[in-house]
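Below you'll find the structure, written out as structure tokens, and then a few comments.
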Amino acid sequence: ENRGVELALNTRNTTGAVKWNTGVFFTLNRNKVRTLVGGLPLQFGVAGYEGTGAFATAFRFQEGQPIGNVYGYNVIGIFRDQAEFDAYPKFGNSTVGKFEDVNSDGRIDGNDITLLGNVLPKFTYGITNNVSYRGFDLSVILDGVQGAKLFNPILRQVVLGRAFENSLAELAQRYRSPSDPGAGPS
């Protein structure tokens with residue numbers, strides 16, 4: 001099921017030797033999976049750094065839910081010291097981050113996979129301007145999206161310092177230990 005609205009307004013601002021046209025648009029779209037064969041969710045994923053482990057994410061198509069939902073483990077922070085690490089449930093032998101215990105059962109497992117967001121925007125918008133004069137044309141397009149939650153696996157590797165090449169400059173100020181907090185824990 002797909003419902004939405006697309007609005008566009010085009011104007012002719014000048015029509016002499018210099019021609020100038022402007023267009024603005026706004027698009028709002030909502031969708032929902034109505035029926036799947038057998039009624040079972042369909043899922044395909046992006047394996048994380050640890051294979052299909054803690055950083056695995058997946059797109060899931062499920063009856064009654066919108067297309068574009070992304071599911072995975074919610075990272076809620078880092079372990080600041082050994083005592084915190086020892087006291088908190090972990091995903092297998094993972095040491096890379098603190099994951100949310102969604103169902104509060106004291107374990108991090110497949111039951112803690114949760115909706116992380118949707119990659120489709122709530123709405124899109126934009127403006128175009130076209131100017132022409134004596135065989136020369138200039139077009140400027142500005143557009144944007146609002147409300148999409150994107151997943152960038154390359155950025156994840158760079159932020160975690162696991163890239164084999166460059167990393168973000170902010171990584172130099174990351175939290176390492178209580179005695180070397182960098183810019184502070186996150």
Gap separating the NZ atom of Lys122 from the CZ atom of Arg30, nearest 0.5 angstrom =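 Result: 6.0 Å between the selected atoms.
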Under 3.5 Å side-chain donor-acceptor pair for [X] and [Y]:
X	Y	answer
Asn21	Asn130	no
Asn2	Asn29	yes
Trp20	Asn129	yes

Gln82 atom CD, neighbour heavy-atom count above 12 within 6.0 Å | yes
What's the verdict on side chain to side chain contact (heavy atoms under 4.5 Å, CB included) for Val70 and Val119, showing C-alpha distance, side-chain angles and the deciding distance?
-> CA-CA 7 Å; Val70 178; Val119 297; 3.6 Å; yes
Do the side chains of [X] and [Y] join up, straight or via other hydrophobic residues, at under 4.5 Å, putting them in one cluster?
X	Y	value
Leu142	Phe25	no
Val145	Tyr125	no
Leu28	Val24	no

Just wondering, do [Y] and [X] contact through their side chains at under 4.5 Å, heavy atoms?
X	Y	answer
Pro66	Asn118	yes
Gln146	Pro121	no
Gln62	Val33	no
Ile76	Tyr88	yes

Going by atom type alone, with no hydrogens or angles, which donor-acceptor pairs under 3.5 Å involve a side-chain atom of residues 104-113 and a protein atom two or more places apart or on another chain?
residue : atom : partner : partner atom : Å
Asp105  : OD1  : Arg107  : N            : 3.0
Asp105  : OD2  : Asn103  : ND2          : 3.3
Asp105  : OD2  : Arg107  : NH2          : 3.4
Arg107  : NE   : Asp109  : OD2          : 3.3
Arg107  : NH2  : Asp109  : OD2          : 3.3
Asp109  : OD1  : Asn111  : N            : 3.0
Asp112  : OD1  : Val102  : N            : 2.9
Asp112  : OD1  : Asn103  : N            : 3.2
Asp112  : OD2  : Asp109  : N            : 3.0

Heavy-atom closest pair, residues Pro89 and Asp101 =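 Looks like CG-OD2, 4.3 Å.
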Output yes when a side-chain donor or acceptor of [X] lies under 3.5 Å from a complementary backbone atom of [Y], and no otherwise.
X	Y	result
Asn74	Thr114	no
Thr14	Val18	yes
Arg60	Gln65	no
Asn31	Glu1	no

Which residues satisfy the ring pair (Phe, Tyr, Trp, His ring centres under 6.0 Å) test with Phe61, sequence neighbours excluded?
->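 Ring pair (Phe, Tyr, Trp, His ring centres under 6.0 Å) list for Phe61, sorted by chain: Phe44.
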Evaluate the ring planes of Phe123 and Phe26, with Trp represented by its six-membered ring, and classify them as parallel (under 30°), tilted (30 to 60°) or perpendicular (over 60°).
->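 The arrangement is tilted - the two ring planes meet at 30° to 60°.
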Assess whether side chain to side chain contact (heavy atoms under 4.5 Å, CB included) is satisfied between Asn69 and Tyr71, documenting all intermediate values.
-> CA-CA 7 Å; Asn69 279 350; Tyr71 290 81; 3.6 Å; yes
Ion pair present between Glu84 and Lys98, side-chain N to carboxylate O less than 4.0 angstrom?
->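 Between Lys98 and Glu84 there is a salt bridge, with a charged N closer than 4.0 Å to a carboxylate O.
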